[in-house]
Amino acid sequence: MSAPRTTLRRAATVTLSAGAAVLLAAGAASAHVTVHPDSYAKGATDGVLTFRVPNEEDSASTTKVQVFLPTDHPVLGVLVHPQDGWTAKVTTTKLRTPVKTDDGTITEAASEITFSGGTIGAGQYEDFNVAFGQLPHDTGQLVFKTLQTYSDGKVARWIEEPTGGAEPENPAPVLKLTAGAAGDDGAAPAQTASATAKTADAGDSTARGLGIAGLVVGVLGLAAAAFAIVRSRTERP
């Protein structure tokens, strides 16, 4: 095999490997259940959380999603947005420590939301919107452990909490709670539906960007190999 062809073959192999790695990273980054936005101010009121559920199985559909809400730091005033084809059931639990609010003392809060009856096919995702009345003041994050059930009986358990190191294999959706601006008692203004949608789409945009980057790497690699061949032929005596 001639040197130019060997150079082209090696360049193509390296290029394809690099591009594949980038594309795989993009897929992995968007495969698990996530919550959007990923942060809110402590004590925020009248906002919306969007749980994005992608289907990562090629031969089965997602048929049920169970989102578990923490009750040690409860989310108050939970309301579920109607979703075509899906039925939502909100389960409430009596709180060990009642929460005092301007409207009175709250003794129960949502502990689980189950979405069923619909399907999420291969290569698709579904956004489930949940409105809240108030987020807690006394914690830095909320972990929403989630179970995703498929039509073949498989259950994906997105329940692992972050530890500060590498992302766990089956991470639970995590909402970070930040300190509010001075003078606003930690409350964040309510988000509009368009703002929530834009934030929820950010994860997909990142994944698509990584995929495009992989393709660009491939094109540049092949161009470099072609240039090497032309140059080698030109320099021959």
Side-chain angles (χ1 to χ4, degrees), residues 23-24 26-40 44 46-71 74-93 108-133 135 142-161 167-175 190-208 211:
L23 290 173
L24 287 174
S30 60
H32 55 270
V33 178
T34 52
V35 61
H36 304 273
D38 60 3
S39 67
Y40 252 112
D46 300 327
V48 175
L49 298 175
T50 299
F51 293 91
R52 173 158 294 185
V53 183
N55 189 92
E56 60 175 8
E57 294 291 321
D58 294 330
S59 58
S61 299
T62 297
T63 57
K64 183 168 68 173
V65 178
Q66 296 165 269
V67 179
F68 296 89
L69 288 70
T71 54
V75 178
L76 306 180
V78 168
L79 295 173
V80 180
H81 187 276
Q83 197 85 353
D84 289 344
W86 293 86
T87 298
K89 177 183 178 182
V90 179
T91 300
T92 59
T93 298
E108 292 186 347
S111 58
E112 178 185 345
I113 304 175
T114 300
F115 300 95
S116 60
T119 58
I120 307 174
Q124 300 178 344
Y125 71 90
E126 191 79 57
D127 282 345
F128 298 97
N129 295 324
V130 177
F132 62 82
L135 296 178
L142 295 175
V143 178
F144 299 99
K145 296 182 178 181
T146 304
L147 301 182
Q148 181 178 6
T149 302
Y150 288 92
S151 56
D152 59 2
K154 177 182 176 180
V155 178
R157 301 170 61 82
W158 307 108
I159 61 173
E160 296 180 19
E161 300 186 24
E167 184 178 73
E169 183 177 355
N170 300 295
V174 175
L175 178 69
Q191 291 195 342
T192 63
S194 59
T196 301
K198 289 180 181 178
T199 306
D201 287 340
D204 274 5
S205 297
T206 300
R208 286 194 296 269

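The structure places CG of L147 at 8.5 Å from NZ of K64, a figure rounded to the nearest 0.5 Å. Atoms CD1 and CD, from I113 and Q66 in turn, are 11.5 Å apart once rounded to the nearest 0.5 Å. Distance check, rounded to the nearest 0.5 Å: CD of E160 to CD of E169 gives 6.5 Å. Interatomic distance, T149 OG1 to R157 CZ, rounded to the nearest 0.5 Å: 10.0 Å. Between the CZ atom in F132 and the CG atom in D46 there is a gap of 8.0 Å [rounded to 0.5 Å]. Between the CG atom in L49 and the NE2 atom in H81 there is a gap of 14.0 Å [rounded to 0.5 Å].
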Atom pairs and distances, side-chain donor-acceptor, residues 114-123, under 3.5 Å, sequence neighbours left out:
unit_1: T114; atom_1: OG1; unit_2: E112; atom_2: OE2; d: 2.8

I would like to know whether T91 and K89 meet side-chain contact (heavy atoms from CB on, under 4.5 Å); could you show each step before the answer? CA-CA 6 Å; T91 300; K89 177 183 178 182; 4.2 Å; yes
Dump the intermediate steps for side-chain contact (heavy atoms from CB on, under 4.5 Å) on V130 and V48, then the final yes or no. CA-CA 6 Å; V130 177; V48 175; over 6 Å; no
Applying side-chain contact (heavy atoms from CB on, under 4.5 Å) to F144 and L142, what does each step give before you reach the verdict? CA-CA 6 Å; F144 299 99; L142 295 175; 3.9 Å; yes
For V174 and D38: C-alpha separation, side-chain torsions, deciding distance, then whether side-chain contact (heavy atoms from CB on, under 4.5 Å) applies. CA-CA 7 Å; V174 175; D38 60 3; over 6 Å; no
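With respect to the salt-bridge test (charged N to carboxylate O, under 4.0 angstrom), the residues K145 and E161 qualify.
Aromatic pair F51/Y125: centroids not less than 6.0 angstrom apart.
Distance alone, capped at 3.5 Å, places no donor-acceptor pair between the T34 side chain and the P173 backbone. Put simply, the side chain of E57 never gets that close to the backbone of K154: no donor and acceptor are under 3.5 Å apart.
Considering every non-hydrogen atom in both V75 and V78, the closest pair reads O-CG2, 3.7 Å. Residues L175 and P37 come closest through the heavy atom pair CD1-O, 3.3 Å. Residues A31 and P54 share a closest heavy-atom pair of O-CG, 3.0 Å. Closest approach of V143 to P70, counting heavy atoms only: O-CD, 3.7 Å.
Within the 4.5 Å cutoff, the side chain of T93 has no heavy atoms near those of the L69 side chain.
Using a 3.5 Å distance cut-off with no hydrogens or angles, the side chains of T50 and D127 do not pair a donor with an acceptor.
In this structure, W158 and H32 have tilted ring planes: the angle between them lies in the 30° to 60° band.
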